[in-house]
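Read the structure below first, then the notes.
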Amino acid sequence: MSDLTTLLEVGGPLAALGGGAAYTRAKHPALYWSTVGLPISTARLLGSYGSVMEACGLTVAPSRLRVLAVKATTNREVRPVPPRRGLLRPTSTGLRIRLRLAPGQEPADVAASAERLRHAWGVHAVYVTTVKPGVVELRLVGYDVLRKVRMPRKAAGGFLKVPVALREDAMPFVRDYRTIPHQLTLGATLSGKSMYLRHLITGLATQPVALVGIDCKRGVELAPFTARLSALATDPEQAAELLPVLVKEMEDRYDLIKARQGIAPDTPDEEITSDIWGLPEHQQPTPIVLFVDEVAELFLVATRKDEERRDEMVTQLIRLAQLGRAAGIYLEVCGQRFGAELGKGATMLRAQLTGRVCHRVNDEASAKMALGDIAPEAVMAACAIAPERPGLAVAGDTSGGWSRIRTPYLSLGDAAETCRDAAHLVPELPALKPFRPDVPLRPVEIPAPVVKPRPVTD
Ligand SMILES: Nc1ncnc2c1ncn2[C@@H]1O[C@H](COP(=O)(O)OP(=O)(O)O)[C@@H](O)[C@H]1O
Ligand SMILES: [Mg+2]
């Protein structure tokens, strides 16, 4: 009987503790990491560092001096030397540690062992980045940060930089228009493309930037942001009128840059400009970001005449993509597919869109359209995205690398609210004035239908 009491006394609290930990781990992984996961992984890392490095083949033979020193002072066996490690730096999502590579090692050697390291130290994933020649940083991520995305508090935003999603290594994924002027975002329906756009629009809404939308799904995606948009086209006819105006605006800006370069032959070299950012501040035109949601709708043709119009629009978009960067005009194109079937010039336009983000797609061909020229593994990663995780995507890097990213959830209401609050920031651009959408002061109340809808049955 007393055995049973002891068992209950000791086992009960232990089971409760275990159950509590398991619950926290499943429901609040961030809390679990900082209270339980972090101390355990730290202890494992510190305790097993040498032997794990040796097992991964990341050690080198000790120097002769070291052999002598060890033999002279102790009678321990002389072990191979692991890379020298820096301080452990815990973060809210994982751990960071810097390693100094031994002569003859390269970062790829460490990266090749990342999977082994993650198992040895019991963390969700290990990423390796090069800090400077000879030094790599191991970024240990404690749990799956993409399951419930929370952006880090000090995500580095800035002018024309929007931290739009979280990467799987818990770093923010920043859409930086100055370094990657144009981007293509692909994905099947309900894969999270519009959510991605929503984040970009709200991120840019508070900055001195003109936002222009083309949303040929009758404006259902972009209309809620009307208050902050400088122009909105909701069908191909309007888009066909808007695009030449943008091209004209771009040409005017080129003239401005040229004039600036032309007038003063004695201008110092560093002031000679080849884009608007080199102009004196008061002359710099406002940057324009053009959002195109559902590009296929824009290029849809029914008649011969439509076809001419489509070809013209493709040409105009290509011009904007080729020359827009210097004029501060940036493209953000979204679609389900983007291949030759969109018409003459479509693949050429695609080639101009440097940044690539690919959400869940229905077939490999679509993933290839976005990521084919980046890496074959990226295409496979995009094909493996599960429908249960909308917003998950594979983003191509400037460095030719790629990573999985996911946007945090942002409700349409909150996004629209941000745009309404920023309505006073709509910049003065006379050329776009005719395209400025009517701004509803309040969200429109849609009256209840008079006829009771009948469910469709077949
Ligand atoms: N990052 C995300 N987290 C949670 N839900 C998301 C996320 N991104 C999208 N969703 C949800 O998925 C659905 C489809 O998203 P949407 O952006 O409209 O897709 P698409 O434009 O590709 O058709 C929406 O109901 C949206 O709320
Ligand atoms: Mg959409």
Side-chain angles (χ1 to χ4, degrees), residues 27 29-30 93 143-152 155 162-175 183-204 211 213-226 229 232-236 239 290-300 331-338 342 353 355-363 366-367 369-371 381-395 403-419:
K27 293 286 171 200
T93 51
Y143 56 95
D144 184 3
V145 289
L146 299 187
R147 202 172 69 180
K148 193 158 178 263
V149 178
R150 273 176 45 201
M151 291 299 281
V162 184
V164 58
L166 192 67
R167 290 200 326 215
E168 57 185 337
D169 62 357
M171 300 290 283
F173 174 78
V174 181
R175 174 81 178 92
Q183 184 176 279
L184 172 64
T185 305
L186 285 194
T189 323
L190 295 184
S191 61
K193 298 180 299 292
S194 301
M195 181 70 80
Y196 186 90
L197 277 196
R198 202 178 283 175
H199 278 283
L200 285 178
I201 292 176
T202 45
L204 290 171
L211 306 179
I214 295 182
D215 175 5
C216 294
K217 283 187 356 192
R218 308 223 149 259
V220 285
E221 301 283 7
L222 297 182
F225 314 124
T226 307
L229 294 182
L232 176 64
T234 52
D235 55 41
L290 170 62
F291 295 92
V292 183
D293 200 349
E294 258 356 312
V295 67
E297 291 286 328
L298 179 61
F299 294 156
L300 215 58
L331 302 186
E332 193 71 50
V333 180
C334 271
Q336 303 193 19
R337 290 170 66 84
F338 200 120
L342 287 190
L353 308 173
R356 299 295 172 85
V357 167
C358 181
H359 290 76
R360 178 177 56 78
V361 284
N362 292 329
D363 55 354
S366 311
M369 286 169 195
L371 303 166
C383 291
I385 294 173
E388 300 85 71
R389 283 199 176 185
L392 194 66
V394 173
S403 53
R404 276 187 205 85
I405 60 169
R406 192 177 189 198
T407 43
Y409 181 80
L410 173 67
S411 75
L412 187 60
D414 290 350
E417 182 74 38
T418 310
C419 286

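First listed ligand is number 1; within each ligand, the first listed atom is number 1. Note that the numbering runs from 1 along the sequence shown for the chain. Heavy-atom basis, side chains included; hydrogens, waters and symmetry copies ignored.
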Fill in: H199 side chain to P408 backbone, donor-acceptor under 3.5 Å
yes
Worksheet item: So, R406 side chain and L146 main chain: donor-acceptor pair closer than 3.5 Å or not?
Response: yes
Response to the item:
In terms of heavy-atom contacts, A382 and L371 come closest through CB-CD1, 3.8 Å
Between ligand 1 and the protein, find all N/O pairs closer than 3.5 Å and give the distance for each.
{"residue": "ligand 1", "atom": "1 (N)", "partner": "T407", "partner atom": "O", "Å": "2.6"}
{"residue": "ligand 1", "atom": "1 (N)", "partner": "T407", "partner atom": "OG1", "Å": "3.0"}
{"residue": "ligand 1", "atom": "17 (O)", "partner": "S194", "partner atom": "N", "Å": "3.1"}
{"residue": "ligand 1", "atom": "17 (O)", "partner": "M195", "partner atom": "N", "Å": "2.8"}
{"residue": "ligand 1", "atom": "19 (O)", "partner": "G192", "partner atom": "N", "Å": "3.0"}
{"residue": "ligand 1", "atom": "21 (O)", "partner": "S194", "partner atom": "N", "Å": "3.0"}
{"residue": "ligand 1", "atom": "21 (O)", "partner": "S194", "partner atom": "OG", "Å": "2.6"}
{"residue": "ligand 1", "atom": "22 (O)", "partner": "S191", "partner atom": "N", "Å": "3.2"}
{"residue": "ligand 1", "atom": "22 (O)", "partner": "S191", "partner atom": "OG", "Å": "3.4"}
{"residue": "ligand 1", "atom": "22 (O)", "partner": "G192", "partner atom": "N", "Å": "3.0"}
{"residue": "ligand 1", "atom": "22 (O)", "partner": "K193", "partner atom": "N", "Å": "2.9"}
{"residue": "ligand 1", "atom": "22 (O)", "partner": "K193", "partner atom": "NZ", "Å": "3.0"}
{"residue": "ligand 1", "atom": "23 (O)", "partner": "L190", "partner atom": "N", "Å": "2.6"}

Discussion item. Any carboxylate oxygen within less than 4.0 angstrom of a Lys/Arg side-chain nitrogen, looking at R175 and E332?
Written reply: yes
Discussion item. Could you work out, with side-chain hydrogen bond (donor to acceptor under 3.5 Å, both in side chains) as the rule, every residue matching D293, not counting sequence neighbours?
Written reply: S194
Fill in: Aromatic ring pairing H359/Y196, orientation class (parallel under 30°, perpendicular over 60°, tilted between)
perpendicular
Worksheet item: Rounded to 10 degrees, what angle sits at the Mg ion (ligand 2) between S194 OG and E221 OE2?
Response: 80°
